[in-house]
Amino acid sequence: MLSATRAQGSCPQCRLRLLNLFENGFVSLRRDPRSLPRIASTSNRTLHSGRRSNARFFSTTKGKFQNTQPPENASNVSDIELTVRQAKHAFGDTLPKDYLNEEEYKLYERLYGAPLRETRPEDVGMPTSDPMPEDLSGDPSKRVLLRETEGGQLEEFVYEADVPAALPEASEESTLASSADTVEPQNMPSEAGLDYINAVAKNPREYNALLKLQKDFENSNLRAAEEDEVDEDEPIDEEEEVEEDDEDEGEPDATFRPSNSRLHQYTRLGQWRTDPSTVHLPKADFVSPISKLLDRTDIKHVKDAAEKAFGGADLPFSVATPDAKKNFPQKPVAMGAGHHKMNEIEADAFIATNLPGMYASVMSILVEVRKRLGSEWISKLISRGNGEGPRVLDIGAGGAGLAAWQHVLDAEWDLMSKGGKKPHHEAPGKKTVVVGSESLRQRVSRFLHNTTFLPRLPDYLHSGNKADLLDGSEKPLPRKSFDVIIASHLLMPLKEGFHRKALLDNLWELLSPDGGVLIFMEKGHPRGFEAVADVRSRLLNEFIVSPSSDPQPEEIVMERQRVREQGMIIAPCTNHKACPMYLTPGLSGGRKDFCHFSQRFIRPPFLQKIHGATHHNHEDINFSFVAIQRGTLPTNINMPEQGAKVTDRAFKGYESAREPPNPLTLPRSILPPLKRRGHVTLDLCTPTGKIERWTIPKSFSSKAYHDARKTKWGDLWALGAKTRVPRQVRLGRGGAAPNDGGVRSREAQRGNKPRVIHLNADSRGIYSARERTGSKREPAERRTRGGKKRELEDLLEELKKDEEDEF
C-alpha cells in the first residue's frame, strides 16, 4: 500500500494531494482548492533533508466529500457558447437583427466585439442576381436552361416539358398538413434562394434568419422594379431637357463677362485679369493634341532635352520665370520658334515647355487690349466689307499666340450672336505663323487649322521697288498686311541695336495702317523690360505722333526720312511721355524696379511631369509688353488728353461721377498693392509719366477702401486717394544720367565729397598729415627693402597749394 510519508523527494503540495486521497478516498480526483492551504513562499521546497522528517504536513480539519455533480447551468453555458460561435462562423463580422438574445449577445461582444453592421445577402453568399425576366411560376410546364453564346456568355433558354396529372385530394390534405408549420407559399423566396438556404443552414435558428433575409431582399427588389416602371410611364418635361442642353460642359476659359460682385462699376472697368483669373488651357484644342504628340516619346527623354536646352531644373532659360532662379543670368529664350536647326526631341521639348506659358501670357495681353479698345474692335474687323476678317501674324510664339487669339475671337463671336450682330457666315480670319523648323511645323499643324506657315518673315523694307516679286513666284503676289502682329521673345536674342531696329522697321511695314495693333512681349526681368522699353521709346520718337507726347527736338535729317503717323499706346502705359523707369537708354546694372506683369495658368499634365512638381499644378509667368496702334482704329475711340489735369482728376476719384472715365486716362498699378490694417497703398504710373504712391485709408471712403483691398497687380484705379507722394524708383547704376532716382545715382550726385585729413601736431607744430579712407580699418604701412618704414605722404604742401589757389 502506498504511504504518503514514504514518498521520497516529493514536494509538500504533492504530499497534501496524497493525504487528501487517503482521507477522502478515490471518489473524485477533483480537489477543492479551498481545502488546500496556500503556500506563501517556496521556502518549503528548499528545506534541509534533516528537517523534512520532523515536519507535520497532515491537516487537522475534518474532511468533507466534494459535490461531484456539475452545476445546473453548465449545459446552458455550453449551448450559449456554441450558438455564438456558430453565428460568428455563419455571418462573419456581421449579425442579423434579433438573431441572438441578450446573454448570447453579451458573450458575442466579449469574444469578438460588436458586429460591424446588419447582415446583407452578399455577406453570406446569397444569390443576388436580377429576377427572371419572365415569370414561370404560374406555368409549371415551362423550364429554363442556360446555354453558352459565341461570346462566351450565358443566356436563358425556355422550353416546355410534360407535367403529370394533378394529385388526388388526399395528397393535397397531407401536403397542407405538412406545411402547416412552415411559411405560407406566397411568402416563400425564390427557388434558388431556398436551395441555397437548405444547403447552408446548420440549425433551425440559422435557417429562419437566412430565410427572412432572402425574403426581405427579394421584396425590396420587386418594389424597386415597380417604381422604375412608374417612372418610365411618366412623361419627361421638355423644359428640363432644354436646360440640360444649355449647360456649358466645357472648361473655364478667358471671357469678358464682368464678375457679379460688390465692386464699383468703374473698378471693374479697370481690372487687369481674365475670367477666371487663372487661365485654363483648352483641353480639346490645345492640351489633348500636344499630349497625343508627346505620347510617342518617353516623357523622361523630353525632360532631359528640355533641361539641356533651357538651363537645367526649373527651365530658367525658357519662357518661365521661376522665383528660385532670380539670381541666374538674365538670358533670352534659349531656343526660339524661328530656330531652323531643331531635331525631333528638341521640337517636343519646345512645345511641352514654352507653348503653355506663351499661351497664358498672350491671352492676358489680348484680353487687356480688347478691354481698352472696346468690344467693337474685333466685331468691326470681323464684319469688314470684303469679309476676310482679321489678319493675325504670330512670330516667336510658335503658334501659341494664334491659339490664344482664336479663343478670344470665338468669345467675341459668341457675344455677337447673343446681341444679334452675328453675320450669316462663319467666323472669318487669316492666321499666319512663322516657324523655322520642319519638325516643329509638323507638330504645330496638329492643333492649328487653316493656318499659313512661313519659314521666315518677308523683308519689305529692303525689297526696293519689287516688293510684289519678293516671294519668288512668277505672278506678283499682293503685299502682306496684318491687323494684329504678336512678336514674342524676339528682341533679347538680338544683341546689336541695328538688328533690333531692322526688326522693328520690318514689322511696322507689315502692320496695317488702318488701326493695326503691334504687340511686343519679352520675359519679365530687367533685361526683358529694357528691350521692350527701348522699342517703346523708339516708336514714340520716330513712328507715331500723339497729342500728349512730349515736344521732340529738331529732327536730324537721315538718309531715309520716315513719316510719323497717328497712333497711340494701348497698354500698359497711360501716357505718351518718357518711361519713368527707363530714363537712360541701354542696360542698367542693379535695377530693382521695372514694369512687368504676371499671369497664372494651370499646368497641363505633360508640363507637370517635366517639372516633377507634386505639391501644386499652377505656375505664375512674368512678362513685359507694350501694345501700340498704328493709324486710325476701326472704332470711334479718340485719343484722350493725358497730363497733370487728368491725374489730378483721377486723384479726386470718379466714385460719384455720372459718366464713366476713359480707361486710357486712369493710373495703373505697376506693383502688388500694399494692404495694411486700415489703409491700402498703391504704386501707380500716372498719366503725367511719373511713379506715385497713393494711400487710400478707410476714412477716405468706405467704398474706395473696400475696392482697394480687392485690387490686384496691373489694375487701373478710378476711385481716387487721400494722399499721394512721389515714389523713388530703384533703377540701379544710372550710367550717363546721374539723376535717374536710383540709390546709386543719388550717391553719384555727391561726387565732390569733402576730404578728411588727420593732422598730427605737438608744441612745435604740425609734423604729419594723413587722409582718411573709406574703410573702417586703415591699411597697414608697407616696409621697404632696407627695413625702414615707408615715408607717409605729406599732405601739408598740397593743403598750402589749395589755399594759395583759393586766394
Show me the donor-acceptor pairs within less than 3.5 Å that the side chains of residues 333-340 make with the rest of the protein, sequence neighbours left out.
residue, atom, partner, partner atom, Å
H339, NE2, K341, O, 2.9
H340, ND1, G436, O, 3.4

Chi angles and distances behind the salt bridge (charged side-chain N to carboxylate O under 4.0 Å, His left out) call for R538, D505: CA-CA 10 Å; R538 187 162 180 260; D505 293 341; 3.2 Å; yes
CA sep, side-chain torsions, deciding dist, call: F520, L507, side chain to side chain contact (heavy atoms under 4.5 Å, CB included): CA-CA 10 Å; F520 275 98; L507 291 178; 3.6 Å; yes
CA sep, side-chain torsions, deciding dist, call: V279, R600, side chain to side chain contact (heavy atoms under 4.5 Å, CB included): CA-CA 6 Å; V279 173; R600 174 170 293 185; over 6 Å; no
Verdict with supporting geometry, F601 and E619, side chain to side chain contact (heavy atoms under 4.5 Å, CB included): CA-CA 6 Å; F601 69 97; E619 182 177 347; 3.7 Å; yes
Side chain to side chain contact (heavy atoms under 4.5 Å, CB included) between V626 and I570, intermediate numbers included: CA-CA 8 Å; V626 62; I570 303 171; over 6 Å; no
F286/Y359 under ring-ring contact (aromatic ring centres under 6.0 Å, His included): CA gap, chis, key distance, verdict: CA-CA 10 Å; F286 193 79; Y359 176 92; 5.2 Å; yes
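More than 12 non-hydrogen atoms from other residues, nucleotides or ligands lie less than 6.0 angstrom from NZ of K675. Within 6.0 Å of CZ in R456 there are 12 or fewer heavy atoms belonging to other residues, nucleotides or ligands.
Evaluation of the salt bridge (Lys or Arg N to Asp or Glu O under 4.0 Å) test over residues 350-368, restricted to residues two or more places apart or in two chains, returns E368-R372, E368-R668.
The two residues S481 and L511 come nearest to each other via the heavy atoms OG-C, 4.1 Å. The shortest heavy-atom contact between L402 and T432 is CD1-O, 3.7 Å. Taking all atoms of both residues into account, the shortest heavy-atom contact from V433 to G399 is CG2-N, 3.6 Å. What you find for S364 and T274 is that their closest heavy atoms are CA-CG2, 4.4 Å. Considering every non-hydrogen atom in both Y266 and A718, the closest pair reads CB-CB, 4.0 Å. Listed here is the closest heavy atom pair of A531 and M492: CB-CG, 4.3 Å.
A salt bridge links R370 and E412; the closest N-O separation between the charged side-chain nitrogens and carboxylate oxygens is under 4.0 Å. The pair E692-R727 does not count as a salt bridge, with every side-chain nitrogen at least 4.0 angstrom from each carboxylate oxygen. The residues K710 and D715 are annotated as not salt-bridged, no charged nitrogen and carboxylate oxygen being separated by less than 4.0 angstrom.
Side chain of H576 to main chain of I569: a donor-acceptor pair is present (N/O by atom type, distance under 3.5 Å, no hydrogens or angles). A donor-acceptor pair under 3.5 Å links the side-chain atoms of N575 to the main chain of K577, judged by distance alone. A donor-acceptor distance shorter than 3.5 angstrom exists from the side chain of E522 to the backbone of L490, with no hydrogens or angles considered. No side-chain donor-acceptor contact under 3.5 Å links R630 to the backbone of L518. Formation of a donor-acceptor pair under 3.5 Å by the S361 side chain with backbone atoms of G357 is found in this model. Looking at N506, its side chain does come within 3.5 Å of a backbone N or O of P458 through a donor-acceptor pair. Looking only at distances, no side-chain donor or acceptor of H499 sits under 3.5 Å from a matching main-chain atom of K495. Using a distance-only test at 3.5 Å, with no hydrogens or angles considered, no donor-acceptor pair links the side chain of K430 to the main chain of N450. A side-chain donor-acceptor contact under 3.5 Å links R500 to the backbone of L494.
S598 and N622 are linked by a side-chain donor-acceptor pair at a separation below 3.5 angstrom, with hydrogens and angles left out of the test.
Between R391 and V484, every side-chain heavy-atom pair lies at or beyond the 4.5 Å cut-off. Side chains of L409 and I378 form a contact here, defined as non-hydrogen atoms less than 4.5 Å apart. Counting only heavy atoms from C-beta outward, the side chains of L263 and Q271 approach each other to under 4.5 Å. Two residues are said to be in side-chain contact when any heavy atoms from C-beta on lie closer than 4.5 Å; M521 and S624 fail this criterion. A heavy-atom distance below 4.5 Å is not found between the side chains of I621 and M358. Taking the side chain as every heavy atom from C-beta outward, P667 and L716 never approach each other to under 4.5 Å. In this structure, K523 and T321 have side chains that are in contact, with non-hydrogen atoms separated by less than 4.5 Å. I696 has its side chain out of reach of T681: every pair of non-hydrogen atoms, C-beta onward, lies at least 4.5 Å apart.
Atom CG of L504 and atom CD of E509 lie 10.5 Å apart (nearest 0.5 Å). To the nearest 0.5 Å, atom CG of residue D394 and atom OG1 of residue T452 are 12.5 Å apart. Between the CG atom of L366 and the CH2 atom of W405 there is a distance of 7.0 Å, given to the nearest 0.5 Å. Rounding to the nearest 0.5 angstrom, the gap separating the OG atom in S669 from the CH2 atom in W713 is 9.5 Å. Rounding to the nearest 0.5 angstrom, the gap separating the CG atom in L664 from the CG atom in N662 is 4.5 Å. We find the OG1-CG distance between T267 and D707 to be 3.5 Å, quoted to the nearest 0.5 Å.
Scanning for ring-ring contact (aromatic ring centres under 6.0 Å, His included) contacts around W717 gives an empty result, with sequence neighbours left out. Listed by chain and residue number, F310, L315, A320, N354 satisfy the side-chain contact (heavy atoms from CB on, under 4.5 Å) test with S318 (two or more places apart in sequence, or in another chain). Remark: A644 engages T688 in a side-chain contact (heavy atoms from CB on, under 4.5 Å) (not counting sequence neighbours). For K645, there are no side-chain contact (heavy atoms from CB on, under 4.5 Å) partners at least two apart in sequence or on another chain.
For the side-chain hydrogen bond (donor to acceptor under 3.5 Å, both in side chains) test with R724, the passing option among D648, T647, T695, T686 is D648; the others fail. With R536 as the partner, the side-chain contact (heavy atoms from CB on, under 4.5 Å) test is satisfied by one option alone out of V532, L540, D534, L539: L540. Partner of S512 under the side-chain contact (heavy atoms from CB on, under 4.5 Å) criterion, out of V517, I485, D483: D483 alone.
Using a 30° and 60° split on the angle between ring planes, F529 and F594 fall in the tilted class, from 30° to 60°. Taking the six-membered ring for Trp and thresholds of 30 and 60 degrees, F651 and W694 have ring planes more than 60 degrees apart, a perpendicular arrangement.
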